[in-house]
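What follows is one structure encoded as structure tokens, with my remarks underneath.
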Protein chains: 2
Amino acid sequence: MLSKKAQYAFHALTYLVEKEGEGPVQISNIAQEKGISLKFLEIILLELKRGGILGSKKGKGGGYYLIKSPKEVPLSKVIRLIDGPIALLPCVSLNFYEPCEHCTEDGCGLNGVMAEVRDATLLILERKTLADIVKG
Amino acid sequence: MLSKKAQYAFHALTYLVEKEGEGPVQISNIAQEKGISLKFLEIILLELKRGGILGSKKGKGGGYYLIKSPKEVPLSKVIRLIDGPIALLPCVSLNFYEPCEHCTEDGCGLNGVMAEVRDATLLILERKTLADIVKG
DNA sequence: GTAATACCCCATAGAAATACTAGGGTAAAC
DNA sequence: GTTTACCCTAGTATTTCTATGGGGTATTAC
């Protein structure tokens, strides 16, 4: 399951997509509009900025904005940034790989299936972008 | 990600599949062989029993055993039993559905994609069974 | 240049989930 | 009736989740 944090991230991002071209959007604006705690949202947006998805501008008229086209931001990137691994097992994770202590060298039988699940999931999450989750 | 508990469950189940036909297997046997804490494993096996996957026999010569053929136990059943929902969002979960407060009536844009992910995942996890995760 | 704005950073904290641990109870087999 | 081995309740340490609070700093408008 996605954490609340990741869900909030998506809600904030879709809002920013909708507001694209209107200049920076303030945290307080997003928080109020989407019903998210302001301080918690602050942390989330900061992470999205550090992850290269958002840019920010300080001072009057400042706020957050997308630094890429929505079509260039796959959903997988957001999930990995906020929640971490997409795979169901650390030993089949592409970006957060860790060996299992319980798997023998030739791997336990789970690996194969979980790698399949990972691939099927990524096939969707890598292709779908922020542009796809904004209602027409 | 699967919890350690779920991973232990799979390790224990594969062991039971390998020992099928040899009568009940004791918890202590599985725990030692798979390197799992005995008391923690006890809890896990009990949940698998309550979930209708395992049977147990008390007293001397007792232990746990599969009550169905390994081919009849899909991996999805084990995951749902131990970890809960397979879907990434509660609002697209088939077995643990909960409405999202942030989604409007016609749904947020995420729903569609996450339902796709769920279907792709289930297509694998419903078809693959305990028989598939035991090494030939 | 100064005051207002709005992001930035650090510390803390309650609640829940995770991953166990301890100890005794109970049914079955011999 | 004693041993075996599952069954049940309770507790606990650690981590993660979900925030909250207060102050610092860069930018802009005037």
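Within every chain, numbering begins at 1; the chains are lettered A, B, ... in the order of the sequence lines, protein sequences first and strands thereafter.
- Every residue meeting the side chain to side chain contact (heavy atoms under 4.5 Å, CB included) condition with K68(A), not counting sequence neighbours, appears here in chain and number order: E72(A), V73(A), K77(A).
- Under the side-chain hydrogen bond (donor to acceptor under 3.5 Å, both in side chains) criterion, S76(A) pairs with E126(A), not counting sequence neighbours.
- The hydrophobic cluster around I67(B) extends to Y65(B), counting ILVMFWY residues whose side-chain heavy atoms fall within less than 4.5 Å of a member.
- The side-chain hydrogen bond (donor to acceptor under 3.5 Å, both in side chains) analysis of residues 14-23 of chain B, with sequence neighbours excluded, yields the pairs Y15(B)-N29(B).
- Pairs of residues two or more places apart, or lying in two chains, never qualify as salt bridge (Lys or Arg N to Asp or Glu O under 4.0 Å) while including a residue from residues 54-67 of chain B.
- A heavy-atom distance below 4.0 Å to DNA chain D is reached by these residues of residues 47-62 of chain A, ordered by number: K57(A), K58(A), G59(A), K60(A).
- For residues 36-63 of chain B, the pairs satisfying ring-ring contact (aromatic ring centres under 6.0 Å, His included) are Y8(B)-F40(B), with sequence neighbours left out.
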Quiz: residues 41-50 of chain B side-chain donor-acceptor pairs under 3.5 angstrom, not counting sequence neighbours:
from   : atom 1 : to     : atom 2 : distance (Å)
E47(B) : OE2    : K5(B)  : NZ     : 2.8
K49(B) : NZ     : S56(B) : OG     : 3.3

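- Donor-acceptor pairing under 3.5 Å, judged by distance alone, is absent between the side chain of E42(A) and the base of dC7(C).
- If you measure from atom CD1 of I30(A) to atom C1' of dC7(C), you get 12 Å, rounded to the nearest angstrom.
- Side-chain N or O atoms of R118(B) include one that pairs as donor or acceptor with a backbone N or O of V92(B) at under 3.5 Å.
- Backbone-only contact: L46(A) has heavy atoms under 4.0 Å from sugar-phosphate atoms and none from a base.
- Evaluation of the side-chain hydrogen bond (donor to acceptor under 3.5 Å, both in side chains) rule for T121(A) yields no partner, not counting sequence neighbours.
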Check your understanding: How does each nucleotide of nucleotides 12-20 of chain C score, in 5' to 3' order, for protein heavy atoms under 4.0 Å: base (B), sugar-phosphate only (S), or none (-)?
Key -> -------SB

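- With a heavy-atom cut-off of 4.0 Å to chain B, the contacted part of DNA chain D has its first and last nucleotide at dT4(D) to dC8(D).
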Donor-acceptor pairs are to be reported for all side-chain atoms of residues 78-90 of chain A against protein atoms at under 3.5 Å, with residues two or more places apart or in another chain.
from   : atom 1 : to    : atom 2 : distance (Å)
D83(A) : OD1    : S3(A) : OG     : 2.5
D83(A) : OD2    : S3(A) : N      : 2.9
D83(A) : OD2    : S3(A) : OG     : 3.4

